[in-house]
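First the structure, in the form of structure tokens, and then the observations on it.
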There are 2 protein chains.
Amino acid sequence: MSSSYHRPELRADLLAATRALVEAEGTHAVTIARVARACDVSVAAPYRHFANKAALLGAVAADGYAALGSEMAAAAGRAGSPADRLVAAGVAYVGFAIAHPDLFALMFDRDLRDPHPAAHAVLEGLAALIDSQDLAVPPEVALRDAWALAHGLATLRIGGMATFTRDDSPARLERDLRGLLSGILR
Amino acid sequence: MSSSYHRPELRADLLAATRALVEAEGTHAVTIARVARACDVSVAAPYRHFANKAALLGAVAADGYAALGSEMAAAAGRAGSPADRLVAAGVAYVGFAIAHPDLFALMFDRDLRDPHPAAHAVLEGLAALIDSQDLAVPPEVALRDAWALAHGLATLRIGGMATFTRDDSPARLERDLRGLLSGILR
DNA sequence: ACCTGAACACCGTTCAAGT
DNA sequence: ACCTGAACACCGTTCAAGT
């Protein structure tokens with residue numbers, strides 16, 4: 001039939017199918033069998049490309065970090081002042097979580113991910129936006145604070161907490177972020 | 001042998017066994033079969049008390065909310081000024097997450113929980129600490145901000161993000177919270 | 001009313017065998 | 001080197017049957 005024994009793009013196909021499943025039905029719906037079926041391949045085939053299910057999901061999470069990082073950078077690039085850049089990056093961070101809630105949850109899942117690439121991607125992005133001249137606190141403190149704030153807003157929002165879903169407009173988000181970040185900006 | 005066909009405390013035993021498994025090995029280690037074995041009961045027995053695995057885990061999460069709420073209230077009760085109470089509650093929130101990371105993660109898992117009890121428990125606890133006289137912003141905004149901040153610090157910390165694990169002393173936590181909350185306190 | 005035993009469909013992972 | 005088919009231990013859930 002249409003199947004061939006050699007599939008050079010299978011690894012990429014498996015990743016795409018897994019991510020599609022995550023975004024459509026959530027991580028709990030991901031099954032090696034379902035992913036394999038979506039790629040028209042036997043259930044054993046994925047094990048030639050990923051050590052196990054956790055490794056497959058971890059690779060999808062890694063793609064997510066890259067996407068998040070570039071969206072933050074793009075948003076910050078459109079802003080003017082240093083404070084505006086920081087706020088814009090925060091809005092992009094929360095916006096990514098709202099647009100891809102299950103992917104975002106997977107990226108920060110306690111057992112499925114190597115935390116280093118995440119920390120690296122996010123912190124590199126944020127660090128590039130911050131000039132210590134603009135800060136009322138040391139840069140590392142500012143990075144921690146800004147990240148924690150954006151992450152809390154993002155996870156409580158996608159977790160369905162009513163206080164955070166009632167008004168989830170970008171304007172509201174920006175107001176929240178700017179208000180709290182005023183404590184660390186000069 | 002030791003088994004009897006009537007076990008009035010089985011529901012409580014199942015909850016305790018599930019929570020113990022969560023805290024010892026993480027939610028991914030929870031299995032109806034393992035929980036049943038720990039309670040010396042057949043695999044079908046838990047279904048007389050919980051509709052399915054998600055309901056069992058949800059009940060454990062509900063217990064977690066109650067525990068978190070009382071720890072926050074106790075910590076706030078030991079503090080003096082309104083600002084100190086808010087900071088103390090935040091420290092207790094993050095401290096709970098550090099002490100019970102897998103339980104905390106389960107409590108905020110996207111597919112396993114009804115968000116209402118969580119929001120209720122946390123917001124009730126926080127609202128009792130805040131007098132609008134002390135605030136520079138409307139109370140609902142203050143609640144959102146404080147919760148988001150504490151939640152972000154907690155989840156990034158238990159997620160193993162290096163910037164947050166390098167120094168996780170209560171003093172550091174308190175300093176972070178106080179600094180950022182200064183934006184919402186009068 | 002509560003529990004057991006057996007069953008069903010499904011899953012993660014392994015491995016010998018094919019191309 | 002990459003994929004298939006079959007296998008193994010395990011899981012979630014159901015249900016008739018026992019007490």
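Chain identifiers are assigned alphabetically (A, B, ...) following the order of the sequence lines, protein sequences preceding nucleic acid strands; residue numbering begins at 1 within each chain.
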Say you draw a straight line from [atom1] of [X] to [atom2] of [Y]; how long is it, rounded to the nearest 0.5 Å?
| X | Y | atom1 | atom2 | answer |
| --- | --- | --- | --- | --- |
| A/D167 | B/R144 | CG | CZ | 7.0 Å |
| B/F108 | A/I158 | CZ | CD1 | 12.5 Å |
| B/E174 | B/L181 | CD | CG | 11.0 Å |

Which stems does DNA chain C form, counting runs of 3 or more consecutive Watson-Crick or G-U wobble pairs with both distances under 3.5 Å?
C:4-8 with D:12-16, C:12-16 with D:4-8

Residues in side-chain contact (heavy atoms from CB on, under 4.5 Å) contact with B/A99, at least two apart in sequence or another chain
none

Could you go over nucleotides 6-10 of chain D and give all protein N or O partners under 3.5 Å, atom names and distances?
none

Per B/I32 side chain, nearest of listed nucleotides D/dC3, D/dG12, C/dC3:
D/dG12

Test of understanding: with side-chain hydrogen bond (donor to acceptor under 3.5 Å, both in side chains), list the residues that count as partners of [X], not counting sequence neighbours.
| X | value |
| --- | --- |
| A/D84 | A/S81, A/R178 |
| A/D63 | none |
| A/D102 | B/R110 |
| B/D145 | none |

Any residue meeting salt bridge (Lys or Arg N to Asp or Glu O under 4.0 Å) with A/R19, in chain and number order, not counting sequence neighbours:
A/E23

Sequence neighbours left out, what passes salt bridge (Lys or Arg N to Asp or Glu O under 4.0 Å) with A/D13? Give chain and number order.
A/R7

Which pairs, with at least one residue in residues 26-36 of chain B and sequence neighbours excluded, count as a salt bridge (charged side-chain N to carboxylate O under 4.0 Å, His left out)?
B/E25-B/R34

For DNA chain D, the residues among residues 17-28 of chain B that have a non-hydrogen atom under 4.0 Å from it
none

Give, ordered by number, those residues of residues 46-60 of chain B having at least one heavy-atom distance below 4.0 Å to an atom of DNA chain D; if nothing qualifies, reply none.
B/Y47, B/N52, B/K53

If we only count heavy atoms from C-beta on, is the B/T163 to A/E140 side-chain gap below 4.5 Å?
no

Figure out the CG/C1' separation between B/L10 and C/dC2, and round it to whole Å.
9 Å

Between B/R7 (CZ) and D/dT19 (P), how many Å, whole number?
18 Å

Would you sort out whether B/F50 and B/L57 count as a side chain to side chain contact (heavy atoms under 4.5 Å, CB included), showing the intermediate values?
CA-CA 9 Å; B/F50 300 97; B/L57 289 170; over 6 Å; no

